[in-house]
Amino acid sequence: MNKFINSIKNIFAIEDLRTRILNTLFFIAIYRLGSYVVLPGVDPTRLKTGAEGLFGILDTLLGGAFSHASIFALGIMPYISASIVLQLLTIAVPYFQKLQKEGESGRKKINQYTRILTIPIVLAQSVGFIATINAEAIITPGTFFTVSTMIIITAGTLFCMWLGEKITDKGIGNGISMIIMIGIVSRLPGAIIGEAAAKGVNKSLIFLLELVVLFLVVMAVIVLTQAVRRIAVQYAKQVGGTTQLDAQRQFIPLKVNAAGVMPIIFAQSLMFVPAIVASVWQNNNDAASYIGVKFSDYTSWQYNLVFATLIIVFTYFYTAISVNPNQIADDLKRSGGFVPGVKPGADTAEFIDEILTRITLPGAVALALIAIFPALALLLGVTRPFSAFYGGTSLIIMVGVVLDTVNQVQSYLLMQEYDGMMKSGKLRGRTQDVAAFAS
C-alpha cells in the first residue's frame, strides 16, 4: 500500500505527467457536460426513461447521452463505425493495403479517410436516432427540426473526435478509447447504488457476494486480455564493418484474444436480425412468432446459444484478418530471424498459423462466456443496470483502457527513474486500440 501511495506522489511530482492528467480530466469533464445538453426542440421531461436492446447497449457505451437526446447523442460511435469500414478495406482493397504498409504516412492518410467517412455515417445514423425519439418529446416536429438536429448531432460527433485527439496529444492514453470508457464508467456508481437498494439490508450478504463475483469476472477479463503465447525467435549473428552483433533470442507474442471486443460487436449486431425478420411473419406463422419471442429476450437459452456461436465464429474471422502469419514470416526472413526448428518462409507462416488457430479456440470460448454472463447474472436476480457490468462489451472495454492507461503512466514513471505502480511483474500493453472495435 505504501508503494502505491508513493507511486501516486511520484506521478504528481513529474510536471509533464501531472499536466497530462489534468488535461485529460478537463477534456473528460467537457465531454460529460455535453452529454447532458439536450438537443434544441426536444422536451427532456417527455423522453423515454430508458433504452433496451441494441439502443440500451449503445446508451451504456455513451454514458446515457443517447437516452438524454443530447448534442453528443451518437458520441464517438460513428467514428468507430468508419474505423471498422476502413480496417476491412485494408484487407479487400489494394490501395488501402498499400497505405497500411507505408508506415506513419500511410496511417495518417487512413486516419484522414476515416474522419471524412465519419461525416456521411453520422448523418445517416442521425436520421435513425431522430426516429427513436418519441413524438411527444419533439416540440416542433418538421423538416427544420430534422435538418437542424442532423447538423447538431454531426457537429457533436466531430467535437467528440476532436476531444479524443486532444486527449491523445495533450493527455494520457488513447483519447477515443478513453471517451468510450468514461461513458461506461459513469453508469457504474448508479448501478451499484441501485443494486444495493434493491437488495436492502435483508440481502446484504447476497450483494457482497455479487461484488465478489464481479471482482472475479474482472480478473478473468484481465487474464484474457493479457494472455499471450510466445513463439521463440532466433536472430543470426550479424557483422557490420568492425562491429559484431551476437545472436539474439526474442519472442513473437501472439494474443489469445487477438480480436478484442470486435466479435461481440459484430455478433450483437446480427442478433437483432432474427427478431426483425420474424416480426414480419409472426401474425400468420407460429414458428415465426416463437422465434420473434425467443430472440427478443436476451436471457433465453436459444438467444445465448446462437450469440455464443456467432462470437466464436467472428473471433476466428477477425483474428484471421487482423493477424497475418505470412507477413510475420516475411518480416522475420527480411530481418534475419527464424523460429528454431522451422524453415523460414512458408513453413514459418504455416507454423504460426497453426499455433494461432489453436490458441484462438480457448480465447473465443472465454470471450463467448464473458459475453453471455450478463444474461446469466440477470436470471440470477441481479438488476438489469448492474448486470451489464458482469461482462460483454462494457467490461472488456473498461479493462482494456484501464490497462493501457496504467501502462502509459508506468512508462512515464520508468522514464523518470521512478518505481512503477506495480510491485512485481510487467504490464503488457494491448496491441490494438478499443476503438478499433473501436480502433
Side-chain angles (χ1 to χ4, degrees), residues 1-8 28 32 49-53 56-57 59-64 67 178 180-227 257 261 264 268 297-301 303-304 307-308 311 362-363 365-407 409 421-425 427 434:
M1 188 64 183
N2 290 333
K3 184 176 178 63
F4 178 76
I5 295 175
N6 290 332
S7 297
I8 298 298
I28 288 174
R32 289 305 302 157
T49 55
E52 297 182 357
I57 297 172
D59 193 44
T60 300
L61 296 177
L62 295 173
S67 60
M178 185 73 69
I180 297 173
M181 186 204 69
I182 292 302
I184 297 171
V185 172
S186 65
R187 310 295 292 270
L188 182 58
I192 294 177
I193 294 173
E195 180 67 19
K199 290 296 181 286
V201 179
N202 296 331
K203 297 183 178 180
S204 57
L205 183 60
I206 296 178
F207 176 66
L208 292 177
L209 181 61
E210 290 175 354
L211 294 179
V212 172
V213 174
L214 178 61
F215 174 79
L216 295 177
V217 173
V218 171
M219 293 299 103
V221 173
I222 292 175
V223 171
L224 178 63
T225 304
Q226 298 287 87
N257 180 28
V261 75
I264 298 180
Q268 190 74 64
D297 179 15
Y298 76 92
T299 62
S300 66
W301 69 266
Y303 179 98
N304 285 282
F307 187 34
I311 290 174
V365 173
L367 193 64
L369 292 175
I370 291 171
I372 66 176
F373 204 78
L376 179 61
L378 186 61
L379 289 175
L380 293 177
V382 181
T383 58
R384 186 180 295 272
F386 192 51
S387 65
F389 291 93
Y390 275 81
T393 310
S394 304
L395 184 58
I396 295 176
I397 292 175
M398 282 195 302
V399 169
V401 176
V402 169
L403 290 177
D404 274 348
T405 304
V406 172
N407 194 44
V409 173
M421 297 183 69
M422 309 300 291
K423 187 173 183 180
S424 62
L427 273 176
V434 179

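Predicted, not measured: the structure shown is a model, and the values here were computed from it.
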Nearest heavy-atom approach of F373 to Y390 is CD2-O, 3.4 Å

Contact summary for R32 and G183, nearest pair of heavy atoms: NH1-CA, 4.4 Å

Find the distance between CG (L376) and CG (N304) and round it off to the nearest 0.5 Å. 8.5 Å

Salt bridge (charged side-chain N to carboxylate O under 4.0 Å, His left out): which pairs involve residues 205-227, sequence neighbours left out? K199-E210

Go through L214 and F386 one step at a time and tell me if the side-chain contact (heavy atoms from CB on, under 4.5 Å) criterion holds. CA-CA 10 Å; L214 178 61; F386 192 51; 3.8 Å; yes

CD1 (I370) and CG (L224) are apart, to the nearest 0.5 Å, by 5.0 Å

Rounded to the nearest 0.5 Å, what separation is found between the OG atom of S394 and the CE atom of M181? 12.5 Å

Smallest heavy-atom separation, V217 atom then L395 atom, equals CG1-CD2, 3.5 Å

If I compare all heavy atoms of A371 with all of I264, which pair ends up nearest, and what's the gap? CB-CD1, 3.9 Å

Qualifying residue, where the test is side chain to side chain contact (heavy atoms under 4.5 Å, CB included) with M398 and the options are V218, L403, V185: V185

If you round to the nearest 0.5 Å, how far is CD1 of I193 from CG of L188? 9.5 Å

Interatomic distance, OG1@T299 vs CG@L380, rounded to 0.5 Å, equals 11.0 Å

Step by step, work out the side-chain contact (heavy atoms from CB on, under 4.5 Å) result for I180 and V401. CA-CA 9 Å; I180 297 173; V401 176; over 6 Å; no

Measure across T383 and A198 and return the closest heavy-atom pair with its distance rounded to 0.1 Å. CG2-CB, 3.8 Å

What distance separates L211 CG from I206 CD1, expressed to the nearest 0.5 Å? 12.5 Å

Can you give me the closest heavy-atom contact between P374 and S387, atom names plus distance? CB-O, 3.2 Å

